Amino acid sequence: MTNHQIKESTYFCGMKTYDVIIIGAGPIGMACGIEASKAGLSYTIIDKGCLVNSIYHYPLGMTFFSTSDRLEIGNVPFISHGAKPNRFEALEYYRRVADTWSLDLKLYEQVKQVSPSEDGYAVITSKSEYAAESIILATGFYDIPYQLEVEGEDLPKVKHYYDEPHPYYGQKLVVVGAANSAVDVALETYRKGADVTMVIRESEIRDTVKYWVKPDIKNRIKEGTIKSYFNSSIIRITEHHVDIQTPDGQLTLENDFVLAMTGYKPDFTFLKSMGIDIRDDKMRTPIYDDETNETNVPNVYIAGVLCGGLKTNKWFIENSRVHAGVIINQIKKKKGIIA
Ligand SMILES: Cc1cc2nc3c(=O)[nH]c(=O)nc-3n(C[C@H](O)[C@H](O)[C@H](O)COP(=O)(O)OP(=O)(O)OC[C@H]3O[C@@H](n4cnc5c(N)ncnc54)[C@H](O)[C@@H]3O)c2cc1C
């Protein structure tokens with residue numbers, strides 16, 4: 001069967017049945033679209049936000065830990081000013097990739113439901129309805145922040161996403177967390193004139209903090225220019241204060257803003273609604289075949305950072321770009337395009 005014949009045969013009742021619908025236009029969803037296009041499969045990529053929506057919401061001044069060549073997809077060269085690109089360069093790069101491959105994108109369209117249908121799957125979005133034989137989920141983990149689950153968390157001064165330091169100049173800031181995001185935010189806001197206190201549940205800064213940043217934060221904490229409470233947690237937030245529990249008892253700190261850099265988790269409810277099994281372990285890893293990335297739900301695949309469940313530092317762009325080729329190969333095999 002030629003690619004042309006495959007495409008011709010996939011129209012039913014006036015609605016096109018795509019060979020594959022990709023949910024999520026992050027770098028890995030885009031890579032899946034590129035592989036589908038190379039294979040002559042009909043596809044579309046649907047995202048609830050803009051192109052590379054997660055990266056768009058990263059801190060404005062962030063620099064990737066990867067060198068630009070390791071973030072490349074679709075053989076489009078990524079040239080950045082420094083060895084490691086920043087957010088602006090990455091946004092520009094992925095826009096260029098989308099143009100180069102003329103990717104079929106549906107942006108600002110949230111996928112609400114995926115359910116089995118006669119031809120495969122019905123995909124219901126905030127704008128329309130589609131049909132596909134296969135589904136690739138590349139929805140990442142950046143949409144649902146861990147909550148502090150304390151009184152006052154809903155106050156406008158409490159933020160789970162950080163963009164830039166300027167608004168915090170001259171302000172009393174509590175940064176919650178001990179991983180890379182919390183450390184980056186504490187250092188950046190401190191250097192732009194904020195009065196920073198870190199509240200850290202653990203007894204030290206996490207091991208996973210970038211090795212070139214760790215001495216910086218440790219030294220600022222040691223000299224006291226960034227204040228810190230280890231083995232401590234927030235118990236209440238009010239308009240002008242924060243109450244914290246420390247090993248030495250409760251304290252009330254004067255406070256203008258709380259930046260809760262406590263991480264994010266994948267949308268497990270969405271996965272479960274499709275019938276995808278999730279391992280009953282600490283990391284809640286979605287169950288899928290390592291060789292094909294197919295889940296327990298036939299013809300539904302997962303790709304990218306989502307594959308790690310709560311272990312959000314297991315897969316990233318660098319090491320999950322390959323998922324695209326693996327999945328599209330499997331789809332081609334199932335369709336009899338390759339042996
Ligand atoms: C601050 C920071 C720095 C990082 N630096 C690096 C680095 O240097 N190198 C590296 O390799 N990785 C890095 N990562 C990790 C990397 O950015 C992520 O692993 C990467 O974005 C994962 O790509 P993805 O395509 O799997 O998911 P994402 O980029 O998160 O894309 C998921 C997409 O799915 C969309 N979506 C979710 N739910 C729905 C729905 N229901 N309907 C429609 N669309 C939906 C989202 O809007 C989003 O656009 C970093 C992460 C952070 C937070």
Side-chain angles (χ1 to χ4, degrees), residues 21-34 44-73 78 80 82-87 89-91 93-94 97-98 105-114 123-128 130 135-145 160-163 177 179-185 188 208-210 213 261 263-271 273-274 293 301-308 311-324 327:
I21 284 183
I22 300 152
I23 308 176
I28 309 308
M30 291 177 70
C32 292
I34 292 167
T44 190
I45 309 174
I46 307 177
D47 202 290
K48 67 178 185 174
C50 57
L51 185 72
V52 291
N53 192 35
S54 300
I55 295 176
Y56 174 71
H57 285 100
Y58 288 173
L60 299 191
M62 72 84 77
T63 300
F64 283 81
F65 57 78
S66 303
T67 50
S68 51
D69 55 312
R70 287 170 184 261
L71 302 174
E72 286 174 1
I73 53 172
F78 188 172
S80 55
K84 298 180 178 189
N86 61 38
R87 172 184 165 280
E89 290 171 318
L91 294 177
Y93 172 72
Y94 290 113
V97 172
L105 294 159
K106 301 190 191 324
L107 302 175
Y108 298 98
E109 186 164 346
Q110 180 163 19
V111 176
K112 302 270 191 191
Q113 195 189 321
V114 177
V123 176
I124 296 170
T125 72
S126 49
K127 290 187 183 165
S128 193
Y130 307 95
I135 302 289
I136 302 176
L137 284 168
T139 47
F141 70 90
Y142 206 57
D143 300 309
I144 304 183
H160 290 277
Y161 293 91
Y162 166 81
D163 44 17
N180 274 302
S181 306
V183 167
D184 287 348
V185 167
E188 189 170 76
T208 49
V209 168
K210 292 165 278 197
V213 175
M261 300 291 108
Y264 309 90
K265 56 187 167 185
D267 188 349
F268 291 111
T269 314
F270 186 52
L271 298 189
S273 73
M274 297 177 60
N293 280 38
Y301 301 82
I302 62 169
V305 67
L306 173 65
C307 295
K311 195 163 172 52
T312 51
N313 59 358
K314 178 173 180 186
W315 295 105
F316 27 100
I317 304 168
E318 272 198 34
N319 65 357
S320 67
R321 299 178 286 183
V322 293
H323 291 167
I327 295 170

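We count ligands from 1, going down the list as the structure has it; atoms in each ligand are counted the same way. A quick note: this is a predicted structure, and the numbers were derived from the prediction, not measured.
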Which one holds for [X] and ligand 1: side chain close, backbone close, both close, or neither close, with close meaning a heavy atom under 4.0 Å?
X      : result
Ser66  : both
Met30  : neither
Asp184 : neither
Leu71  : side chain
Phe316 : both

Evaluate whether atom OH of Tyr161 has more than 12 neighbouring non-hydrogen atoms of other residues, nucleotides or ligands under 6.0 angstrom away.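 Enclosed: over 12 neighbouring heavy atoms sit under 6.0 Å from OH of Tyr161.
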Can you establish whether the number of heavy atoms outside Arg70 located under 6.0 Å from its atom CZ is more than 12?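 No, because the 6.0 Å sphere around CZ of Arg70 holds 12 heavy atoms or fewer from other groups.
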Looking only at distances, please establish whether an N/O atom of ligand 1 is found under 3.5 Å from an N/O atom of [X].
X      : result
Glu109 : no
Phe65  : yes
Tyr142 : no
Ile317 : yes

Within less than 4.0 angstrom of ligand 1, does Ser181 place any heavy atom?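 Contact absent.
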Are any of the heavy atoms in Ile46 under 4.0 Å away from ligand 1?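 Ile46: in contact with ligand 1 (<4.0 Å).
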Any side-chain heavy atom of [X] sitting closer than 4.5 Å to one from [Y]?
X      : Y      : answer
Ile317 : Ile55  : yes
Ile135 : Ile23  : yes
Thr125 : Tyr130 : yes

Using 0.5 Å steps for rounding, measure from the [atom1] atom of [X] to the [atom2] atom of [Y].
X      : Y      : atom1 : atom2 : answer
Thr139 : Phe270 : OG1   : CZ    : 6.5 Å
Met30  : Tyr94  : CE    : OH    : 8.0 Å
Thr67  : Phe78  : OG1   : CZ    : 10.0 Å

Where the side chain of [X] meets the backbone of [Y], is there a donor-acceptor pair that is under 3.5 Å apart?
X      : Y      : result
Tyr93  : Ser80  : no
Lys84  : Phe65  : yes
Ser68  : Pro85  : no
Asp47  : Val52  : no
Asp184 : Ser181 : no
Asp267 : Ile144 : no
Asn293 : Ile302 : yes

Using a strict 4.0 Å cut-off to heavy atoms of [X], name the atoms of ligand 1 that fall inside it.
X      : answer
Phe64  : 5 (N), 6 (C), 7 (C), 8 (O)
Gly24  : 33 (C), 34 (O), 35 (C)
Ile28  : 23 (O), 24 (P), 25 (O), 26 (O)
Ile23  : 42 (N), 43 (C)
Met62  : 1 (C), 2 (C), 3 (C), 4 (C)
Ala138 : 31 (O), 32 (C), 33 (C), 34 (O)
Gly304 : 26 (O)
Pro27  : 23 (O), 25 (O), 29 (O)

Who's the nearest protein heavy-atom neighbour of [atom], and how far?
atom                    : answer
atom 31 (O) of ligand 1 : Gly26 CA, 3.5 Å
atom 33 (C) of ligand 1 : Asp47 OD2, 3.5 Å
atom 18 (C) of ligand 1 : Tyr58 OH, 3.8 Å
atom 37 (C) of ligand 1 : Asp143 OD2, 3.3 Å
atom 28 (P) of ligand 1 : Ser54 OG, 3.4 Å
atom 41 (N) of ligand 1 : Val111 O, 3.2 Å
atom 38 (N) of ligand 1 : Thr139 CG2, 3.6 Å
atom 45 (C) of ligand 1 : Lys48 CG, 3.8 Å

Would you call the rings of Tyr142 and Tyr58 parallel, tilted or perpendicular, taking 30° and 60° as the class edges?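 Rings of Tyr142 and Tyr58: perpendicular, as their planes differ by over 60°.
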Closest candidate by heavy atom, reference atom 26 (O) of ligand 1, pool Asn313, Val305, Leu107, Val52: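 It is Val305 that holds the nearest heavy atom.
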